[in-house]
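Okay, so here's the structure we're looking at.
Sequence lines set the chain letters: A, B, ... in the order given, protein chains first and strands last, and positions in each chain run from 1. Values reported hereafter were calculated over all heavy atoms of this structure, with side chains retained and with hydrogens, waters and symmetry mates removed.
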Amino acid sequence: MHMDSDISPPLPALVSFAGIQKTFAAPEGDGTLVAVEGVDLTLEEGHILTILGPSGCGKSTLLNMLAGIYKPTRGTVTYRGAQVSGLNLRTGYMTQNDHLLPWRRILANVRAPYEIAGMPRRSATAKAMELIDLVGLTGFENAYPTQVSGGMRKRASLARLLAYNPETLLLDEPFVALDAQLRLAMQAELRSLARRLGKTVLFVTHDVDEAAALGDKCAVFTARPGRIRQVVDIDLPADRDLMTLRQNPDYGRIAAKLWDLVTRESREGRISHET
Amino acid sequence: MHMDSDISPPLPALVSFAGIQKTFAAPEGDGTLVAVEGVDLTLEEGHILTILGPSGCGKSTLLNMLAGIYKPTRGTVTYRGAQVSGLNLRTGYMTQNDHLLPWRRILANVRAPYEIAGMPRRSATAKAMELIDLVGLTGFENAYPTQVSGGMRKRASLARLLAYNPETLLLDEPFVALDAQLRLAMQAELRSLARRLGKTVLFVTHDVDEAAALGDKCAVFTARPGRIRQVVDIDLPADRDLMTLRQNPDYGRIAAKLWDLVTRESREGRISHET
Amino acid sequence: MKRSLYFYRLVFGVGLLLLWQVASGWLVSPVYISSPVAVAGRLSELIASGELFRHARITAFEAIAGFLLGSGVAIVVGLVLGRARRLAEVLDPFIMGFYSLPKIALAPLFVMWFGIDMSMKIIFTAAVVFLVVFLNTYSGVRSVSPEQQTVFRLMGATERQVVRMVIIPAALTWVFVGLRLSAPYALVGAIVGEIIAGNRGLGYLVARTTAQFDTAGAFAAIVAIVTLGVLLNMGIKALERSLMPWRQMEDAREVAI
Amino acid sequence: MKRSLYFYRLVFGVGLLLLWQVASGWLVSPVYISSPVAVAGRLSELIASGELFRHARITAFEAIAGFLLGSGVAIVVGLVLGRARRLAEVLDPFIMGFYSLPKIALAPLFVMWFGIDMSMKIIFTAAVVFLVVFLNTYSGVRSVSPEQQTVFRLMGATERQVVRMVIIPAALTWVFVGLRLSAPYALVGAIVGEIIAGNRGLGYLVARTTAQFDTAGAFAAIVAIVTLGVLLNMGIKALERSLMPWRQMEDAREVAI
Amino acid sequence: DEKVVFAQSGDVILWAPLYIARERGYLADEGIDAEAITVKGGPATLAAVEAGNAQIALGFPATPITAFTKGIGVTLFGSLSTEYVASLVVQGDVAKDLGITQDMSVKDKIGKLKGHSIATNAAGSAADYLLQNLVRYAGMQPDRDMTITPVGDTSAVLAAFERKRIDGFMATPPSDRLAMDNFGAVKLIDFTRGEYEGVAGIQYVAMSASTDWLATHGDTAAAVLRAMDKALALIHDNPEEAKASVRTFFKDMDDTIFEAGWDGTVGSFPANAKIREDSIVKILNFMELMSGAKVDVNMADIYTNQYYEMSLSGQ
Ligand SMILES: Nc1ncnc2c1ncn2[C@@H]1O[C@H](COP(=O)(O)OP(=O)(O)OP(=O)(O)O)[C@@H](O)[C@H]1O
Ligand SMILES: Nc1ncnc2c1ncn2[C@@H]1O[C@H](COP(=O)(O)OP(=O)(O)OP(=O)(O)O)[C@@H](O)[C@H]1O
Ligand SMILES: [Mg+2]
Ligand SMILES: [Mg+2]
């Protein structure tokens, strides 16, 4: 593994993974399955890190460790200088499966974080409605999750995440069920939100273009056991306009580089879906 | 709505939607919600139709109607000349949510269709193992679905679909959780499989490139109520090589056209996430 | 739709009555099973004299009070033990053991501690009701997805909030099965309580009439008991519908996949 | 881990016994609750004379046979009615009504129809067991995701295959809660059956010793009953573990979201 | 050997003749393979007989007579007890406070208990009606002037008594003795001694069987009666041996309790199993008090000494 990004950021790292290994009991018998191994990674406050890697390489596992849901088998995860142990309440997690409550309407689902914070009902509803509008679900606030489409559930789940306004956002393939337009709009929204509010973001995706467009840097992983192949600095302007990015030659270069990195494995002779 | 594809195919249409409308009870009170409207669409045997459209425009609903799960509110769905009523057992459906059985290991999940067909255990297992290998899950055949990653569940679900070998495949965003490489490999596999076995495919995706690369034609939908904006014929060779397609100028042209179509709505002044 | 449901019930009920009437005297001596006609006669006598309502009121009160007490405690204990799994495992054999006890054998203890008046019957009923609601609540809580809970805990929800917002609604289906199951036991509990000690209530009425071989009277009392049971059950179902509106939605909605 | 579970149970059990011993004679007269020491004495006598095992064997047989019969029928009926929802709705008030009947009051009927030997007790037990298992199975079947079923039906699965591959495994959690719940009722059923009519079995032993004011003997019999109940419960749990291996996996796995 | 199943309600010393006949082999001598089954409540014993699961029911004859009036073919054919085995006991301090003394008349004793709570053993049981009958006899209303609460279980009655939740109860031996020895109870009326004329000499325990069975198994019935006669004779001629014989069925009972139970019961056993008409008259009168209506039967139809005569002649 080699890195071509500088590791001397002006800001102190908000998040750092050091020498992380995570193993699970093997599906069969008594062996163990190494999910990720030797992961060293840092992320500065207010930055967006995108994570690219083959399916099953341990991307979700990494987010789970930062959220404090899993404990690393080896190594330490540090958040704001302190080792993560127990749930990391500074992070907000939008998981791969939407965990909406089936007995609450969309509005009540989005409002839940406000209720938890003890906000009065009326203002909680008003704020939730704003977010529902932001993700384009106006008109469906009274639907139950079973009554809306897959993409709409994702959006509701994103709105809920924004409602509880955590310091760091962990997003696991959040825009996967969205169409191209909406996806672009949501990406732009996310970047501007993060910049405006100084959010730190870890963003898992399979889409190379998305990884390049959104991130301040991008960590590319190898297949399982997931190791970092390279951390690529994305030197696009912080206030880039996502709508016109496709015309930016720097963007094209970076996307091509990422594409090259993620496909290297297969070109190196390993078949693409070896596990 | 206008079409630029010829409607006089050499083959008789295997699937046809005629004047389809589908409404649901509105989430609130007594109104109705129109999901799709005025859909006319045909698909010839052995062809691949990709469906592009914004989230919530009724793509899944369309597949549900062809599978005979929903009844259209108006219009008729015809399969091989007969109106679809009741479950359409000639179709196989890979849904947006994987409906793997949590109490069966991956192998047993993939084997289920063979068991249903009454195949002897030993050969069913052997065949299931082949498919598991095909989707790159070897080594995980004894894992329970909860023990594997999101992308791996999608793959298991695809293997199960292939196991029951239906005449027509309904695929609802099947490759969404897969990384770029694997996605490419699976796309190629799907095309060659479909051609080899003469399968007819309806393929829902949000990825314009994927829609162009995979389809023989592509139906682009408007936002809800979903109507067909245009059906685009994709005149790439039937035996195209997906790996090198990015270099094909025809492909570039078609992808650009689709991109143009899916973004027209927003350019026409409707905000992208209006619902 | 709705009307025909009641229609079928009526048909089935009338069929049962006919069967009973025919069997009575032909297959089985009326001394043991009386007959619908005789029971109807006794029933109207008991209603006219006001005796039936006097007894039924008492039994209904005991059953409902015991049901509320027992199921309330059971839900709380089920929630608590559902969260404290370890404790639950330790206690498990004791709880099961307690329920293997023929509670009637503990009658002297109940009388000793709770006397022979209404409160004894209410507590007895509560004890009978407890297990079913408890075990269903417990299983419901255990079956709530841990992922769902973690998501909420990450949002900063306190244990209480997780219980209120996630656990309780998720376990409600289970709780209601427990409640529906325990409703008839509540009545049986009240009646057995009255048989253990009592000079009022439908249980007393059954015991008295049975001892006198007044089978029609006993069956009249039993009809009253069964009616109470069905009413209680209907009440719980109505409560269930109003507390779980999303369930109805789910039932009504077209199957989407 | 495992060892300390048994350790805690032991501690709790010994604690209960101590409490009992202390309460006996000090808070409550031994006439009603005997004392652990006295019960242990009677128990060893009853074991030595072989009487305990003679009675326990019979009760265990009745309870297990009734349990198997009742729960078997209940599972089948629960599956069938879970699929035929309409029929279930029609029958619902009758089933609930039947369970509101104080079955002990129907003792003469049971004796009439099913006699006084073992088969009566088995049928009585089965009747007691039925409801709990039935209602849990029914609810389990109703809670199986219709999507999951549709997916399988699209694969060409027949109704039977859907039931076997989807419904039954999905409903198993519910069924097992029903089974665990009904296990103690099976014992209570067998014992009440023996009290209704009998000259053998632990229920008879309880009745006889009680009538003879031999509280220690009655409690010795009760200890045997409770032990049977705990064993039955353990058996069901073991069966549950072996029939639902994926559940254990779920319990053991780290919470993933 | 012919198998005969006896249905008895509970295991109590009151069935002493049957215990003795079994234990000493009197029934076996007659070629009868006897089995006793304990059944919950009088109606259930009759149900067992009616269904053919048992041949002979033992118990208070009001049950078979009522069944007879309802069209069940059942006949009383042997007498096993002719005194009402029960007593009325009350809390010692209550008796003292009310100034009740042993030499008062039954009527006055009951009158003093006005407004107090007395337990009986089961709703609709003989003891329950006896008490109500007594209250009326004393010129009061049972449901207004006294709280009569049936408590189904003897231990529960004692528990309620100990905790002073009741002022007194209708007791069968040995619970009266237990209450007197342990909880300071005093015995107000001893029915077994015939203190209350209303039930003195009543037919208290009888054997009944289905009329059809008797018609076809007359010899067996006679043989059973012969065995019972022997047992009754033993009780009168050699009470110690009889007691020892019964004791084998009450191994679990404490010595003093058994003694108390035996002493309280033994006086009720008749010299032989022949049914006396005056005892039947008493029971019919008692039943009329219970139901408040005339018991509509022909005396000769409800009992028979035919098999008793047969048992004598066959000897
Ligand atoms: N709870 C678990 N128990 C056992 N194995 C697990 C568990 N969670 C993850 N794994 C294993 O760890 C590996 C990495 O899983 P993870 O979910 O992190 O992958 P991923 O990179 O998120 O993949 P995807 O892109 O498909 O979501 C997989 O091989 C998976 O089988
Ligand atoms: N069972 C249902 N009950 C009520 N409304 C429904 C139901 N299923 C779908 N709808 C509505 O129909 C519309 C179309 O839904 P559908 O799932 O077909 O969208 P889709 O195009 O598949 O979207 P996505 O790309 O997000 O999956 C949505 O507005 C949704 O709310
Ligand atoms: Mg993942
Ligand atoms: Mg969809």
| message | Please report the interatomic distance CG(A:L101) to CE(C:M165), rounded to the nearest 0.5 Å. | response | 7.0 Å

| task | Decide if atom NZ of C:K237 counts as having more than 12 heavy atoms of other residues, nucleotides or ligands within a radius under 6.0 Å. | result | yes

| said: Looking at C:F61, I want to see if its CZ is surrounded by more than 12 non-hydrogen atoms of other residues, nucleotides or ligands under 6.0 Å. | reply: no

| message | Within a 6.0 Å radius of atom CZ on A:R121, are there more than 12 heavy atoms belonging to other residues, nucleotides or ligands? | response | no

| request: Give, as side chain, backbone, both or neither, the part of A:A112 having an atom under 4.5 angstrom from any heavy atom of chain C. | output: both

| request: Might you confirm whether atom CZ of C:R200 has over 12 heavy atoms from other residues, nucleotides or ligands at distances under 6.0 Å? | output: no

| request: Can you measure from CD (C:E147) to CD (A:Q96) and round to the nearest 0.5 angstrom? | output: 12.5 Å

| task | Against chain C, label A:L161 side chain, backbone, both or neither, depending on which of its atoms sit under 4.5 Å from a heavy atom there. | result | neither

| note | One should read off an interatomic distance between C:L154 CG and A:T95 OG1, to the nearest 0.5 angstrom, of 10.0 Å

| Which pair of non-hydrogen atoms, one from C:F152 and one from A:I116, has the smallest distance, and what is that distance? | CD2-CD1, 3.8 Å

| query | Heavy atoms, side chains only, cut-off 4.5 Å: are A:R160 and C:V151 in contact? | reply | yes

| Distance (rounded to the nearest 0.5 Å) between C:M155 CE and A:N165 CG | 13.0 Å

